[in-house]
Amino acid sequence: MTTKRGQQVIAIEEHYWDLEVSAQLTTADAGGPTAIQERLEDLGELRIREMDEAGIDVQVLSHAPPATQRMAPEMSVAMSIGANDRLAEFVSTQPDRFAAFAALPTPDPQASADELERTVTKLGFKGAMIHGLTDGVFFDDKRFWPVFERAQALDVPLYIHPAMPHPAVIDAYYKPYTDDYPGFLTAGWGFTVETATAGIRIVLSGVLDKYPGTEIILGHMGEGLPFLLWRIDSALARPGNKPMAFRDAFSEHFYITTSGNFSDPALLCCIQELGVDRILFSVDYPFVMNPPGVEWMESIHLNNEDKDKILNGNAKQLLKL
Ligand code: MN
């Protein structure tokens, strides 16, 4: 365990599949037939062996997209409660190796706020992960503000994670290339556009003014937004726009993780825009394997103090681990 220098490694965007939830997912929503199903379904020996081999001490677990978000409301509520209970049971068997983000029944926003509270106060969860659209609607919509309100009250972050884009968007933006290049629709580009849009919309919606304690986490080095912050901020400051300080709001409320984007120049950009205190290590297991993530962190030219913050210190603080 740990890196060669003895740094503890906490990875915070690490996925699994609850068997009862995944049985309800359509192939399209799940992102097509997956070769990594064995790893997604494994909460046990294989997962722990691969953590040990790579030097990962702790995984903060979350359901893979779309979790329970594309079900009818009643079913989504029941499935979320069941899945979160089962996840808590697993975490309790090895509390020094695992922690968890809740799956929320977003088709029922009020129940989502209640389930967030239940999982945090009763099960010790560290926040919740939101996967893309619910009924075609982004999470900044006012119907979901009770979840932001509850997250603020509980002092836990909301992790905004990609899921399959809206079918009309797939048709207009990604066909006819999806057959030959399914990655174009998903982690190669489509997920990024979808999730960056979700992040921008959260800032524009005013929810951060209403609930100033809101903490948002974006994976994949901030879904490109740190690279674009200056331009977004500048364009939104032009005449015709409602006054707003986009870059300030983003820098104050957003945290980003390294999931599936082990790039030196991207990290440098993120450190310059957001500061090292807002960057947390993650792999995106099992969509991405553990060793390249840990090896990359070992290789980067960064002082040990800042590396410690990314590898464990910031997660301990933000998630109260
Ligand atoms: Mn992920």
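Side chains included, hydrogens not; waters and symmetry mates left out as well; all remaining heavy atoms used. This structure is a prediction, so every number in the text was calculated from the model and none was measured. Positions are given from 1 along the sequence. Counting starts at 1 for both ligands and their atoms, following the listed order.
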Which residues satisfy the side-chain contact (heavy atoms from CB on, under 4.5 Å) test with E215, sequence neighbours excluded?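 Scan of E215 (side-chain contact (heavy atoms from CB on, under 4.5 Å), adjacent residues dropped) gives D155, P157, Y255, L318.
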What do you reckon, are the aromatic ring centroids of Y174 and F184 less than 6.0 Å apart?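 Between F184 and Y174, which both carry aromatic rings, the centre distance is below 6.0 Å.
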H15: what forms a ring-ring contact (aromatic ring centres under 6.0 Å, His included) with it, not counting sequence neighbours?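 Result, ring-ring contact (aromatic ring centres under 6.0 Å, His included) vs H15: H161, F287.
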Would you say T134's side chain and T106's backbone share a donor-acceptor pair under 3.5 angstrom?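 Here the side-chain-to-backbone pair does not exist.
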Without placing hydrogens or testing angles, list every side-chain donor-acceptor pair under 3.5 Å for residues 225-234, not counting sequence neighbours.
unit_1 : atom_1 : unit_2 : atom_2 : d
D233   : OD1    : F246   : N      : 3.2
D233   : OD1    : R247   : N      : 2.8

Cut-off under 2.8 Å, centre the Mn ion (ligand 1), protein N/O/S atoms: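 Sorted hits: E13 OE2, H15 NE2, H161 NE2, D284 OD1.
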Does a side-chain heavy-atom distance below 4.5 Å link Q8 with V58?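 Counting from C-beta outward, Q8 and V58 do come under 4.5 Å.
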